[in-house]
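In what follows, a structure is listed as structure tokens, so that the remarks can point back to it.
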Amino acid sequence: MAAGSLEIVLMKQLASYLAVPILVVDRNLDLVFFNESAEPILGRRFDETGGIHRGEWSSVFQTVDTSGNEIPPEERPLAIAIDRRRPAHQRFGRNGLDGVARKAEGIAFPLETAEAGLVGAVAVVWET
């Protein structure tokens with residue numbers, strides 16, 4: 001997976017220093033990075049998974065709402081941040097890559113610049 005824009009590279013670097021779980025996607029909604037704090041929620045280390053393409057990771061993580069109904073990929077916060085270019089918040093349940101079911105909450109926001117336009121999105125996620 002390509003390194004991405006300078007803004008994505010800088011966001012990945014910042015996320016690596018933060019103690020809150022952070023996921024970074026590019027403008028194609030490919031998961032390009034998640035920090036060490038996100039590893040327990042996702043059930044794997046980033047070193048083990050590397051980047052994950054949109055279609056692959058949105059099907060690997062079967063995400064459900066608080067009633068147990070599947071949330072369509074286009075209605076998940078990162079997709080809203082990319083497709084609609086606005087922040088989005090959601091409570092959800094998800095099985096991690098380790099098979100453990102977790103309840104979580106998160107907010108995603110688009111990552112845009114005046115020069116490049118939309119370059120990706122960032123999610124901050126926490127277990128509830």
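What you see below is based on every heavy atom in this structure, not just the backbone, and it leaves out hydrogens, waters and symmetry mates. Nothing fancy with the numbering, it's 1 onward along the sequence. The structure displayed is predicted, hence computed values, not measured ones.
Residue Arg54 is tested with Asp83, Asp26, Asp30 for a salt bridge (Lys or Arg N to Asp or Glu O under 4.0 Å); the sole match is Asp83.
Between the side chain of Asp65 and the backbone N or O of Ile71 there is no donor-acceptor pair closer than 3.5 Å. Listed for the Glu75 side chain is no donor-acceptor partner under 3.5 Å among the backbone atoms of Pro72.
More than 12 non-hydrogen atoms from other residues, nucleotides or ligands lie less than 6.0 angstrom from CZ of Arg86.
Between Val119 and Ser5, the closest heavy-atom pair is CB-OG, 3.7 Å. Minimum heavy-atom separation, Glu7 to Leu111: O-CD2, 4.1 Å. Taking all atoms of both residues into account, the shortest heavy-atom contact from Ile22 to Val122 is CG2-CG1, 3.8 Å. The nearest pair of heavy atoms linking Gln90 to Pro77 is OE1-CD, 3.1 Å. Between Pro87 and Pro110, the shortest heavy-atom contact is N-CD, 4.0 Å. Residues Val24 and Met11 come closest through the heavy atom pair CG2-CG, 4.0 Å.
Checking Arg94 against Thr63 by side-chain atom types alone, a donor-acceptor pair falls below 3.5 Å.
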> Do Glu105 and Phe92 pass the side-chain contact (heavy atoms from CB on, under 4.5 Å) test, and can you show the C-alpha distance, the side-chain angles, and the key distance before you say yes or no?
Replying inline: CA-CA 6 Å; Glu105 188 168 345; Phe92 55 89; 5.6 Å; no
>> Test side-chain contact (heavy atoms from CB on, under 4.5 Å) on Leu23 and Leu42; report intermediate values, then the result.
In response: CA-CA 10 Å; Leu23 290 78; Leu42 298 180; 4.2 Å; yes
>> Pair Lys12, Val32 - check side-chain contact (heavy atoms from CB on, under 4.5 Å), show working.
In response: CA-CA 8 Å; Lys12 288 166 53 176; Val32 296; 4.3 Å; yes
>> For a side-chain contact (heavy atoms from CB on, under 4.5 Å) check, start with the C-alpha distance between Leu29 and Leu78, then their side-chain angles and the critical distance, and finish with the verdict.
In response: CA-CA 7 Å; Leu29 209 61; Leu78 280 167; 4.0 Å; yes
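Residues Ile82 and Phe109 are members of one and the same hydrophobic cluster, defined by side-chain heavy-atom contacts under 4.5 angstrom among Ile, Leu, Val, Met, Phe, Trp and Tyr. In this structure, Val25 is not a member of the same hydrophobic cluster as Ile80, with clusters built from ILVMFWY side-chain heavy atoms closer than 4.5 Å. In the hydrophobic clustering of ILVMFWY residues, with side-chain heavy atoms under 4.5 Å counting as a link, Val100 and Val64 come out apart. One hydrophobic cluster holds both Phe33 and Ile41 under the rule that ILVMFWY side chains link at heavy-atom gaps under 4.5 Å.
Aromatic ring orientation, His89 versus Trp126: tilted (interplanar angle from 30° to 60°).
Separating the OH atom in Tyr17 from the CD atom in Glu36 is a distance of 13.0 Å, to the nearest 0.5 Å.
A salt bridge is defined here as a Lys NZ or Arg NE, NH1 or NH2 lying under 4.0 Å from an Asp or Glu carboxylate O, and Glu112 with Arg85 meets this definition.
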